[in-house]
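Counting convention: from 1, in listed order, for ligands and their atoms alike. Counting from 1, the numbers follow the sequence of the chain as shown.
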Amino acid sequence: MSINSKTQELKQKMKVALQGGGSKAIEKQKSTGKLTARERILELLDEGSFHEYDLFIQHAGKDFDMDKKFLPGDGVVTGTGTMNGYPVCIYAQDFTVAGGSLGYMHAKKICKIMDHAMMLKTPIIGINDSGGARIQEGVNALAGYGDIFYRNTMASGVIPQISVILGPCAGGAVYSPALTDFVFVVDKISKMFITGPDVIKTVLGEEISQEDLGGARVHAEISGNAHFFAESEYECFEQIKDLFTYIPWNNTKKAEPYESKKPKSREYKIKDIFPTDPAKPYDVRHIIRSIVDDSAFLEVQELFAPNIVVGFARIDGQTVGFVANQPIALAGVLDCNSSDKAARFIRFCDSFNIPLVTLEDLPGYLPGIDQEHAGVIRHGAKILYAYSEATVPKITVILRKAYGGGYIAMCSSHLKADFVFAWPTAEIAVMGPEGAANIVFKAEISASDDPVKTRQDKILEYRQKFANPYVAASYGYVDSVIEPNETRSYICHALEVSKNKVATNPYKKHGIPPF
Ligand code: HXC
């Protein structure tokens, strides 16, 4: 056979394999508003950069007539390419081939590209669209999931791991995304649950639709399993590309620097955003935008636990991770969900050399029976643990309230913040003046002829004595009391001088965080 005819033979084999599940299955996939696995990869990666591997892998199923079935690529597309010019490893499950179900060889392909990513120190992106463990392959399918989960765990904190849920992701399959750093979901397309509506109805007698059980909104707003929510696959791909401009390619690198840009100061003026009345709420995201380059802020888990805001921005061209209490949601309190959200984000930033900027304005941890019984002690401890352990540059700005446990938890100097700045509006105290006056001056207030006036006087006295930044500054717990308009320049300087920060924690195999 000549080289030409051999090449023709290759082309023919490729053509068959690239058809995936065939035109009917592709039509069905499209009719549900979904792209195919290869279309998704091509949309996401830089044009012409994708190289596919293991196209000719065949499944290993023998039972239930599986040996008579041809499953092109065994239902998953794997390869390498570039995004924004930088290398990535990627896989996309192909629902048109046996519902993207995961058999032994399908899992081997995924593990192989994950091993590649670890060896080459590139991020790994997994696009999930699958009916779960391939039922005909029994324990070999389960083994495949176990092999993936192990690799997800080993890769955690070494390379960024991104999961994109673009179809069903059911049963044990959900645990690979759960072990990765960022989960992207798309409205009406993503479905994630450990057991579907049919099983729930049989076992518990409860009726619910797939969408209400594990649709995109559920995971973005209620469960917190998803970090980014999009209206369409295309919007989701833009979100992923945007995220990749902020994060480094592995844990030995820093994020790529960009050209420094000034904030859009006409749109985001601190004096217009920040209320003079300390009881009034404001949107802390506007404060972030007033500080950062080009006022650009990529919020993570925007719809979940909105009482804390986390996300990426750049200051003087360098990526930073923001953690900020949000006064417009539950007055910015820390509760179980917001503690989990912040702790996880802090750990991502620390693993990937991203300095942390904390903006503080909170009345403390949320009291109440629900929170206590939900484990606010354990969940709240996560944020303490994450900040204490983080060795990246840590810069805190106290904008207004810093009361009680909240003061300590939001990256205080006691948790080894490198710089703590406070606005003159800061109130750093064990609790708010109203609550404090009721307790400390209880006897005086009740013995007074005019208890209302006495209470107001005592609140004022307490506020003047403690609810300010100067007592904390007098002990050195605050490094500088700054004018709000100076915030960006103080942060810029702090980042500049902490560029070469090297901090190590005591040797240990690993700590035992309050998981
Ligand atoms: C084998 C599967 C499959 C599976 C789907 N298919 N899921 N084949 N194993 N798990 C096949 C179907 O037989 C069908 O093949 C094709 O994929 C398309 O499936 P449809 O059912 O026609 O598609 P649709 O109507 O869109 O429904 C999608 C679905 C449904 C909701 C995902 O297929 C479904 O419920 N699948 C089973 C989900 C599940 O229970 N998985 C196991 C979870 S247990 P043909 O040949 O007809 O085209 C698990 C344990 C892992 O994952 C534990 C690890 C720790």
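- For atom 55 (C) of ligand 1, a protein non-hydrogen atom is found at a distance below 4.0 Å.
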| Candidate pair Q58 and M105, rule side-chain contact (heavy atoms from CB on, under 4.5 Å), full reasoning | CA-CA 7 Å; Q58 264 309 297; M105 295 306 288; over 6 Å; no

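- When hydrogens are left out, the protein atom nearest atom 44 (S) of ligand 1 is G171 CA, 4.4 Å; that is the closest non-hydrogen contact.
- Distances shorter than 4.0 angstrom occur between a heavy atom of A98 and an atom of ligand 1.
- Every atom of ligand 1 with a heavy atom of Y145 under 4.0 Å away is listed here by number and element: 51 (C), 54 (C).
- Checking atom 29 (C) of ligand 1 against the protein gives no heavy-atom contact under 4.0 Å.
- For the pairing with F312, the ring-ring contact (aromatic ring centres under 6.0 Å, His included) check across F352, F322, F345 returns one residue only, F345.
- Screening residues 3-12 for side chain to side chain donor-acceptor pair (under 3.5 Å), with sequence neighbours left out, gives S2-S5.
- Remark: ligand 1 atoms within the under-4.0 Å shell around heavy atoms of Q136 are 1 (C), 9 (N).
- When D74, D147, D54 are each tested for a salt bridge (Lys or Arg N to Asp or Glu O under 4.0 Å) with K112, only one passes: D54.
- Judged by the shortest distance from any of its heavy atoms, F95 lies inside the 4.0 Å radius around the atoms of ligand 1.
- Considering backbone and side-chain N/O of G131, one or more are found under 3.5 Å from N/O of ligand 1.
- Regarding atom 46 (O) of ligand 1, its nearest protein heavy-atom neighbour is K69 NZ, 4.4 Å.
- The R134 neighbourhood of ligand 1 comprises atoms 1 (C), 9 (N), with distances under 4.0 Å to a heavy atom of that residue.
- In this structure, atom 7 (N) of ligand 1 has a protein heavy-atom contact shorter than 4.0 Å.
- Rounding to the nearest 0.5 angstrom, the gap separating the OG1 atom in T96 from the CG atom in D94 is 3.5 Å.
- The ligand atoms of ligand 1 that sit less than 4.0 angstrom from a heavy atom of L142 are 50 (C), 51 (C), 53 (C).
- Distances from atom 32 (C) of ligand 1 to the protein include at least one heavy-atom value under 4.0 Å.
- A salt bridge links K241 to E238: one of the charged nitrogens lies within less than 4.0 Å of a carboxylate oxygen.
- Shown in contact with A170 at under 4.0 Å from a heavy atom are these atoms of ligand 1, numbered in order with element: 52 (O).
- A salt bridge is absent between E39 and K34: the closest approach of a Lys/Arg side-chain nitrogen to an acidic carboxylate oxygen does not fall below 4.0 angstrom.
- Against a heavy-atom cut-off of under 4.0 Å, S101 is close to the following atoms of ligand 1: 1 (C), 3 (C), 4 (C), 8 (N), 9 (N).
- The pair R217-E211 does not count as a salt bridge, with every side-chain nitrogen at least 4.0 angstrom from each carboxylate oxygen.
- At a distance under 4.0 Å, a protein heavy atom can be found next to atom 22 (O) of ligand 1.
- Polar contact check, K28 against ligand 1: a nitrogen or oxygen pair lies under 3.5 Å apart.
- Here the CD1-OG distance, from I148 to S176, works out to 6.0 Å after rounding to the nearest 0.5 Å.
- Distances between N or O atoms of A133 and those of ligand 1 include at least one value under 3.5 Å.
- At least one cation-pi condition fails for R289 and F297: the charged atom is not both under 6.0 angstrom from the six-membered ring centre and inside a 45 degree cone around its axis.
- Those atoms of ligand 1 with a heavy atom of G172 less than 4.0 angstrom away are 49 (C), 50 (C), 51 (C), 52 (O), 53 (C), 54 (C), 55 (C).
- The shortest distance between side-chain heavy atoms of V158 and N250 does not fall below 4.5 Å.
- Distances below 4.0 Å separate heavy atoms of P168 from the following atoms of ligand 1: 32 (C).
- The presence of a protein heavy atom under 4.0 Å from atom 48 (O) of ligand 1 is ruled out.
- Here F184 and H219 keep their ring centres 6.0 angstrom or further from each other.
- Atom 15 (O) of ligand 1 is never approached by the protein to below 4.0 angstrom, counting heavy atoms only.
- The existence of a salt bridge linking E137 and K62 is excluded, since no basic side-chain nitrogen approaches an acidic carboxylate oxygen closer than 4.0 Å.
- When distances from atom 10 (N) of ligand 1 to the protein are checked, a heavy atom turns up under 4.0 Å.
- To the nearest 0.5 Å, the span separating SG on C336 from NE2 on H373 amounts to 11.5 Å.
- Residue-to-ligand polar distances place G99 within reach of ligand 1: an N/O pair is separated by less than 3.5 Å.
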